[in-house]
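Presented below is the structure to which this report refers.
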Amino acid sequence: MAGSGLAPLRDRPDVLLRVEELVVEFPVGRKDVVHAVSGISFDVAEGETLGIVGESGCGKSTVARAIVRLNDVRGGKVMFEGKNLAVLEGEELRKSRPDLQMIFQDPISSLNPRRKVRDVISEGLKVWGSQMGAWSEGRIDELMHAVGVDPKFGDRRPHQFSGGQCQRIGIARALAMDPKVLICDEPVSALDVSVQAQVLNLLEDMKVRYGLTLLFISHDLAVVKNVSDRIIVMYLGKACEIGAADELYEHPRHPYTRALLASIPEPAPTVEVSEGDIEGELPSPINPPKGCRFNTRCPHADEICYEVEPQMEAAGDDHFVACHHPVAVSIDD
């Protein structure tokens with residue numbers, strides 16, 4: 001599938017979630033359209049953690065919300081267990097949602113401030129009733145224990161907890177539905193560094209304990225590398241590089257990936273710190289550049305970059321890059 005946007009998709013029997021040429025757009029005014037996600041493709045194998053990274057405005061959270069249909073899908077497919085979630089409506093869509101749960105970016109505002117946290121965690125079980133198995137106080141206590149929140153505080157409301165504790169409550173709420181896929185949208189970005197480590201360790205523990213498949217979204221490539229098996233790097237609604245976490249960190253091929261790696265406190269060994277000094281602002285998603293969307297900020301851009309959109313091409317074993325001039329990286333670098 002070289003030369004196609006579908007190139008990163010793998011023919012494996014353990015693929016649980018597959019996104020094909022996903023397009024999400026939002027109308028602005030009478031004529032304009034925000035091209036939030038423009039034809040991204042990837043798959044997630046059962047038990048895998050797939051990271052999605054990119055700067056603010058690249059569309060990574062929109063991808064997450066589109067998968068669970070919190071955003072409408074303009075084009076493409078979201079295949080889960082043989083069903084295209086992108087076209088499901090009504091009761092069919094509702095029945096698919098317990099299997100795909102989401103942890104939101106803001107741990108406090110994502111919880112109903114008027115409800116006791118015990119009721120917040122148990123709400124999904126009460127709604128689904130016998131279809132999910134009878135809920136019980138013991139089940140809620142078990143979930144609160146699992147995420148490190150003492151059940152004796154179950155009658156408190158969200159404002160009485162810290163941000164890190166609220167994020168743990170949000171994780172317990174998602175786990176209550178016994179999901180197959182857990183989508184984590186910037187789950188630690190609003191937390192202190194010490195609390196970030198606790199929540200990341202908790203997610204790893206929950207993945208093992210409950211047999212979860214994770215989609216982990218963040219703007220912090222260092223965090224994503226530590227928790228992910230594979231990583232997608234997004235820029236302005238497009239995927240520009242996809243690969244195994246260690247491979248992408250050690251042998252980044254796309255100039256944007258290298259700029260992200262150069263910007264973290266401990267840059268990857270194959271990038272120079274100066275590569276993080278990309279100039280210019282992120283172009284408007286209402287009128288994205290023709291050709292390669294990174295051409296307005298890329299130091300290697302030439303005529304073909306301004307005219308022809310690059311397609312995903314193999315750059316190694318399970319490593320793909322969409323660039324006309326991928327940076328050559330030696331295996332010994």
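Because the structure is predicted, anything quoted here is derived from the model rather than measured.
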Side-chain heavy-atom pair R230, D43 within 4.5 angstrom cut-off: yes
Using side-chain heavy atoms (C-beta onward) and a distance below 4.5 Å, is V181 in contact with F80? yes
If I take atom CD from residue Q196 and atom CG from residue N201, how far apart are they, to the nearest 0.5 angstrom? 11.5 Å
Quick one: do R94 and E91 satisfy salt bridge (Lys or Arg N to Asp or Glu O under 4.0 Å)? Show the steps, please. CA-CA 5 Å; R94 179 176 176 272; E91 188 64 14; 3.2 Å; yes
Between SG on residue C305 and NE2 on residue H325, distance to nearest 0.5 Å: 4.0 Å
Close side-chain approach of P151 to I140, heavy-atom, < 4.5 Å: no
Between H324 (side chain only) and V308 (backbone N and O only), is there a donor and an acceptor less than 3.5 Å apart? yes
L111 side, atom CG; I169 side, atom CD1 - distance, nearest 0.5 Å: 6.0 Å
Student check: side-chain heavy atoms of R97 and M177 closer than 4.5 Å: no
Using side-chain contact (heavy atoms from CB on, under 4.5 Å), reason through R139 and E142 one step at a time and then give a plain yes or no. CA-CA 5 Å; R139 168 67 170 157; E142 175 192 338; 3.8 Å; yes
Would you say L236 and P289 make side-chain contact, with heavy atoms under 4.5 Å? yes
More than 12 heavy atoms of other residues, nucleotides or ligands under 6.0 Å from CG of D317: yes or no? no
Enter the distance from S38:OG to L22:CG here, rounded to the nearest 0.5 Å. 9.5 Å
Looking at every non-hydrogen atom in both residues, tell me the closest pair between A64 and I217 and how far apart they are. CB-CD1, 3.1 Å
If you look at every heavy atom in D150 and M144, which pair is closest and at what distance? O-CE, 3.8 Å
For S61, the option from D185, L70, I183 that meets side chain to side chain contact (heavy atoms under 4.5 Å, CB included): D185
Between Y235 and L260, does a side-chain contact (heavy atoms from CB on, under 4.5 Å) hold up when you go through it step by step? CA-CA 11 Å; Y235 181 82; L260 289 179; over 6 Å; no
Hphob cluster co-occupancy, L16 + I67, side-chain heavy atoms under 4.5 angstrom: yes
Co-membership, hydrophobic cluster, residues L202 and L200, 4.5 Å side-chain: yes
Shared hydrophobic cluster, I264 / L248 (ILVMFWY, side-chain heavy atoms < 4.5 Å): yes
Closest heavy-atom pair, K225 versus I231, reported as atoms and distance to 0.1 Å, is CA-CD1, 3.9 Å
Are I278 and L261 linked, directly or through intermediate hydrophobic residues, by side-chain heavy-atom contacts shorter than 4.5 Å (ILVMFWY only)? yes
Minimum heavy-atom separation for P158 to V117, with atom names? N-CG1, 4.1 Å
Looking at E275, M234, E55, which hits side chain to side chain contact (heavy atoms under 4.5 Å, CB included) with Y256? E55
Are K207 and E204 within salt-bridge range, i.e. N to O under 4.0 Å? no
With a 4.5 Å limit on heavy-atom distance, are the side chains of F294 and P255 in contact? yes
E81 atom CD, over 12 foreign heavy atoms within 6.0 Å: yes
Less than 4.5 Å apart, any side-chain heavy atom of V327 and any of T257? no
With the side chain counted from C-beta on, respond yes when L175 and L212 share a heavy-atom pair under 4.5 Å apart, and no when they do not. yes
The reported gap from CD in E307 to CG in N295 (rounded to nearest 0.5 angstrom) is 9.5 Å
Hey, mind stepping through I103 and L203 against side-chain contact (heavy atoms from CB on, under 4.5 Å) and telling me if it holds? CA-CA 11 Å; I103 301 170; L203 287 171; 3.9 Å; yes
Would you please say whether a donor-acceptor pair under 3.5 Å links the side chains of K83 and S96? no
Return yes when atom CD of E46 has more than 12 non-hydrogen atoms of other residues, nucleotides or ligands closer than 6.0 Å, and no otherwise. no
Classify the ring geometry of F153 against F161: parallel below 30°, tilted from 30° to 60°, perpendicular beyond 60°. perpendicular
Give me the atom names and distance for the closest heavy-atom approach of A322 to M312. N-SD, 3.9 Å
Sub-3.5 Å donor-acceptor pair from the side chain of N84 to the main-chain atoms of V78, do we have one? yes
Minimum heavy-atom separation for L191 and P107, please, with both atom names. CD2-CG, 4.1 Å
Checking T49 side chain against D229 main chain: does a donor-acceptor pair fall under 3.5 Å? no
Is L100 linked to M79 within one hydrophobic cluster, defined over Ile, Leu, Val, Met, Phe, Trp and Tyr using a side-chain heavy-atom separation of less than 4.5 Å? no
Not counting sequence neighbours, list each pair that qualifies as a side-chain hydrogen bond (donor to acceptor under 3.5 Å, both in side chains) and has a residue in residues 67-77. E25-R74, R69-E89
Distance from S189 atom OG to Q167 atom CD, nearest 0.5 Å? 8.5 Å
Would you say the side-chain atoms of R173 pair up with the backbone N or O of V120, donor to acceptor, closer than 3.5 Å? no
Show your working on side-chain contact (heavy atoms from CB on, under 4.5 Å) between R115 and R157 and close with a plain yes or no. CA-CA 6 Å; R115 307 200 68 180; R157 288 174 170 76; over 6 Å; no
